[in-house]
Amino acid sequence: MAVDIGVNTPDMKDIGSFGRLAHQIGFTGIAISGVMDQPVTEISEGITVYRRVNLTGKGINSLRNQIQRIRKNAIIVATQLGSIDTTNWAVEDQRVDLLTFDPSKEHRLRETTASLASGSATSLEIQIAPLLHSSGLQRSKILKTYREAVATALDAGMGVVLSSGAAYPMGMRSPVAMVHIGLLLGIERTLAERAVQELPAHLIERSMKRRQPEFVSPGVEILRGEENP
Amino acid sequence: MRKNRRRYLLFHLHREGKPVNEKHLTTALWMSVLSLYGEVHAAGSRLYLLDFDEETGVGVLQCSADSLQQIITAAVVIGMIEDTPVSFEPKRTSGTIKGLNHEISRHA
């Protein structure tokens with residue numbers, strides 16, 4: 001089961017096109033930010049579409065309010081790498097699934113942030129879109145930033161997830177192609193395969209489990225006896 | 001002296017819009033290898049596009065075994081060929097063209 005958890009489309013109409021290509025290239029699901037109302041939707045192309053929310057607030061209070069509001073209706077919750085205070089607070093919160101970052105901005109992943117994220121199972125998301133839209137020196141700088149972030153995350157035991165970050169269908173790449181981009185970023189083959197095939201699916205599974213009424217907190221759930229054996 | 005081993009790669013070039021012709025694809029592949037890995041690596045890659053169906057987007061390319069990984073990566077990061085957005089999907093690799101024949105007929 002491979003899921004591309006980083007599709008960005010502003011228009012509901014595009015979901016069919018994304019779904020068709022996703023099916024052709026070997027994905028079973030995609031997570032889309034921005035346009036969906038339902039947390040999970042099955043589309044005719046045989047693809048499951050999950051709702052993703054990117055937290056956008058600058059301060060801790062703003063992020064806290066947003067998470068409380070959206071967590072139940074979103075399968076993937078991501079926050080962008082920003083100031084130390086807010087980033088460290090966000091990665092420690094178990095309701096946040098992903099820490100993503102814009103390579104064109106100055107913020108870099110710190111070892112301390114990666115360690116905190118590792119403890120709360122928040123993964124680093126690397127979106128490949130900037131690599132497809134750049135060349136030469138600009139791409140070289142993006143590669144450097146991504147490689148450093150990946151190395152910091154892996155050293156601290158933080159999970160790394162690869163996603164397309166696609167704003168149009170052809171911005172998606174097949175799982176095998178994504179593994180090759182992982183190798184380009186200095187990730188070992190087994191970890192690159194995990195970053196594409198296993199970890200995104202695990203995040204989805206974890207989130208789906210949270211939505212069940214029996215769920216209390218990670219590792220704790222209500223078990224019923226005779227009434228519901 | 002050890003003979004340079006070859007590898008064959010079956011791929012599918014997905015596209016949105018007008019078909020991409022063989023010449024433009026070859027140029028895009030070379031330019032991407034050159035940009036990502038440099039002149040020395042591009043020269044040693046022994047990259048050839050053996051077959052490409054412009055309509056279906058299915059094709060086979062040949063390269064040296066040592067550079068296969070880099071050739072695939074360079075192809076994967078191609079986003080646009082002659083104003084046509086594309087997505088390169090590596091399907092299967094083999095040491096002989098015969099080894100790909102079954103897959104080629106399946107995708108034709």
Side-chain angles (χ1 to χ4, degrees), chain A residues 2 4 7 9 14 16-27 30 45 126-144 146-147 162 164-189 192-193 196, chain B residues 7 9-20 25 27-39 41-42 45 55-59 61 63 66-94 100 103 106-107:
Chain A
D4 184 345
V7 172
T9 175
D14 294 337
S17 316
F18 276 105
R20 268 190 297 283
L21 184 65
H23 180 69
Q24 280 178 29
I25 62 181
F27 284 107
I30 50 177
E45 287 76 10
I126 299 290
Q127 296 199 332
I128 65 165
L131 292 171
L132 308 184
H133 301 137
S134 59
S135 61
L137 183 62
Q138 193 194 355
R139 185 162 67 186
S140 179
K141 285 179 177 173
I142 295 169
L143 276 172
K144 175 185 171 282
Y146 274 168
R147 280 172 170 232
L162 294 174
S164 67
Y168 55 95
M170 286 298 142
M172 296 176 80
R173 291 295 179 271
S174 72
V176 177
M178 302 263 275
V179 168
H180 281 87
I181 292 183
L183 297 172
L184 180 69
L185 299 177
I187 309 175
E188 284 176 28
R189 184 172 283 275
E193 284 169 355
V196 177
Chain B
R7 281 289 181 274
L9 170 72
L10 175 69
F11 64 88
H12 188 169
L13 188 76
H14 300 273
R15 67 167 201 277
E16 197 172 86
K18 60 180 183 181
V20 174
L25 174 59
T27 307
L29 283 168
W30 272 100
M31 293 306 289
S32 187
V33 176
L34 194 64
S35 166
L36 207 53
Y37 295 104
E39 293 170 8
H41 195 97
S45 67
E55 285 305 315
T56 61
V58 176
L61 62 81
C63 64
D66 294 338
S67 62
L68 177 67
Q69 161 65 46
Q70 286 83 357
I71 296 293
I72 296 175
T73 308
V76 163
V77 297
I78 297 172
M80 189 91 79
I81 300 176
E82 293 289 309
D83 296 330
T84 302
V86 295
S87 175
F88 184 96
E89 181 192 5
K91 285 286 199 188
R92 201 182 154 191
T93 59
S94 174
L100 291 180
E103 283 286 316
R106 210 164 66 86
H107 287 94

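Computed from a predicted structure; not experimentally measured. So you know, we letter chains A, B, ... as the sequences are listed, proteins then strands, and number each from 1. These values consider heavy atoms only, across backbone and side chains, with no hydrogens, waters or symmetry-generated copies.
In this structure, His133(A) places its NE2 atom where more than 12 heavy-atom neighbours from other residues, nucleotides or ligands lie under 6.0 Å away.
Contact of Ile25(A) with chain B is made through backbone and side chain together, with heavy-atom distances under 4.5 Å. Neither the backbone nor the side chain of Met178(A) comes within less than 4.5 Å of any heavy atom in chain B. Proximity to chain A is limited to the side chain of Tyr37(B), based on heavy atoms less than 4.5 angstrom apart.
From Glu89(B), atom CD reaches atom CD of Gln24(A) across 8.5 Å, with rounding to the nearest 0.5 Å. The distance from the CG atom of Leu185(A) to the OG1 atom of Thr73(B) is 9.5 Å, given to the nearest 0.5 Å.
Side-chain contact between Leu143(A) and Leu36(B) is present, with heavy atoms from C-beta onward closer than 4.5 Å. Taking 4.5 Å as the limit, every side-chain heavy atom of Leu21(A) sits out of range of all side-chain heavy atoms of Glu16(B). Side-chain atoms of Ser35(B) and Arg139(A), non-hydrogen and from C-beta on, do get closer than 4.5 Å to each other. Side-chain contact between Met170(A) and Thr84(B): absent, with no pair of heavy atoms (C-beta onward) separated by less than 4.5 Å.
Among all heavy-atom pairs drawn from Ile78(B) and Arg173(A), the shortest one is O-NH2, 2.7 Å. Of all non-hydrogen atoms in Pro85(B) and Tyr168(A), the two that sit nearest each other are CB-CE1, 4.1 Å. Between Leu132(A) and Val77(B), the closest heavy-atom pair is CD2-CA, 3.5 Å.
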